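Notes follow once the structure below has been shown.
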Amino acid sequence: NPDILAKELPALRSKLYPQPDEAISPQDERLQLLKSWLEESPGASDLLDAWERTNQLSTIALLVTIMSSTLTLLSSHLPYHQYGLPIIKTLLSTHWTRQLGTYLGGSHNDLILATLKLFNAISAFGGGRERKAVFEAFPWDNKVLFIVSVLSRECN
C-alpha cells in the first residue's frame, strides 16, 4: 500500500540508520530486528517487491537508503553476513544494477546520493568481498562520472 509505505518508511529509515563511524555492538537491537525480519523475508524480498511496485522517486530513495543501512549494519559482524549476502547477490544482478544505473543518471538528488551510498555499502560489505563485482556493475558513463565529480566537490 503506497500510503502505508509513505508513512512507515521514514520511521524505518531513522531506526536503521547507522551513524558514520558508529561502533555497532553484536547485541544492537537493529541487528536483532534485521535478523528477525530477514528470517521471515529472506533476501529482503518484501522490500525489493515494494521497490519494484513503486514509481515515486522519493519512496524509491527511502527504500534504497534502507537497503544501504541494512547492508551496513549486517556487515558489522560476521554472524550477520549470511543475511546480507543474498541481498547483495540480488542487487548485483543485471536487472538491479541496470535499475540503479538509471537512478544515477537521473535528476533526483536524494535518489542519486542514496544509490551511491548503496553501491558503497555493497562494496564495503564483509571487508570488501564484493568490490570487484561493484566496480564491474557500476555504470561508468560520462554522465554518471560528471555527477559523481560534482557531488565530490560539493561534499568537500
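Remember, it's a predicted structure, so these values are computed and weren't measured experimentally. Quick note: residue numbers are just sequence positions, from 1.
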Atom [atom1] of [X] and atom [atom2] of [Y]: how far apart are they, to the nearest 0.5 Å?
X: K117; Y: S69; atom1: NZ; atom2: OG; result: 8.5 Å
X: S68; Y: L63; atom1: OG; atom2: CG; result: 12.5 Å
X: L71; Y: M67; atom1: CG; atom2: CE; result: 7.0 Å
X: Y103; Y: I112; atom1: OH; atom2: CD1; result: 12.5 Å
X: R131; Y: N120; atom1: CZ; atom2: CG; result: 8.5 Å
X: I88; Y: L118; atom1: CD1; atom2: CG; result: 9.0 Å

Problem set entry | Chi angles and distances behind the side chain to side chain donor-acceptor pair (under 3.5 Å) call for S25, Q27 | CA-CA 5 Å; S25 160; Q27 292 77 30; 3.0 Å; yes
Under the 3.5 angstrom rule, does the side chain of [X] hit a backbone N or O of [Y] as a donor-acceptor pair?
X: T115; Y: L111; answer: yes
X: T102; Y: Q99; answer: yes
X: T65; Y: A61; answer: yes
X: S41; Y: L38; answer: no
X: H77; Y: L31; answer: no

Exercise. Can you check whether W51 reaches T59 side chain to side chain, under 4.5 Å on heavy atoms?
Worked result: no
Exercise. For Y83, which residues count as a ring pair (Phe, Tyr, Trp, His ring centres under 6.0 Å) partner, sequence neighbours excluded?
Worked result: none
For this session: Kindly write out the residues that satisfy ring pair (Phe, Tyr, Trp, His ring centres under 6.0 Å) with F135, not counting sequence neighbours, or none if the list is empty.
Result: W140
Exercise. Stepwise, does the side chain to side chain contact (heavy atoms under 4.5 Å, CB included) test hold for L62 with L12?
Worked result: CA-CA 9 Å; L62 284 169; L12 182 60; over 6 Å; no
For this session: Evaluate the criterion side chain to side chain contact (heavy atoms under 4.5 Å, CB included) for residue pair L34 and Y80; output intermediate values, then yes/no.
Result: CA-CA 9 Å; L34 289 172; Y80 295 98; over 6 Å; no
Problem set entry | Audit row: R129, F125, side chain to side chain contact (heavy atoms under 4.5 Å, CB included) steps and yes/no | CA-CA 7 Å; R129 292 174 19 181; F125 190 86; 5.9 Å; no
For this session: Mark yes when over 12 heavy atoms from residues, nucleotides or ligands other than E40 sit less than 6.0 Å from its CD; otherwise mark no.
Result: no
Exercise. Any idea which heavy atoms bring L92 and A137 closest together, and the distance?
Worked result: CD2-CB, 4.2 Å
Problem set entry | salt bridge (charged side-chain N to carboxylate O under 4.0 Å, His left out) pairs, two or more places apart, involving residues 10-23 | K15-E29, E22-R30
For this session: Apply side chain to side chain contact (heavy atoms under 4.5 Å, CB included) to I87 and I122, showing your working.
Result: CA-CA 9 Å; I87 297 169; I122 296 169; over 6 Å; no
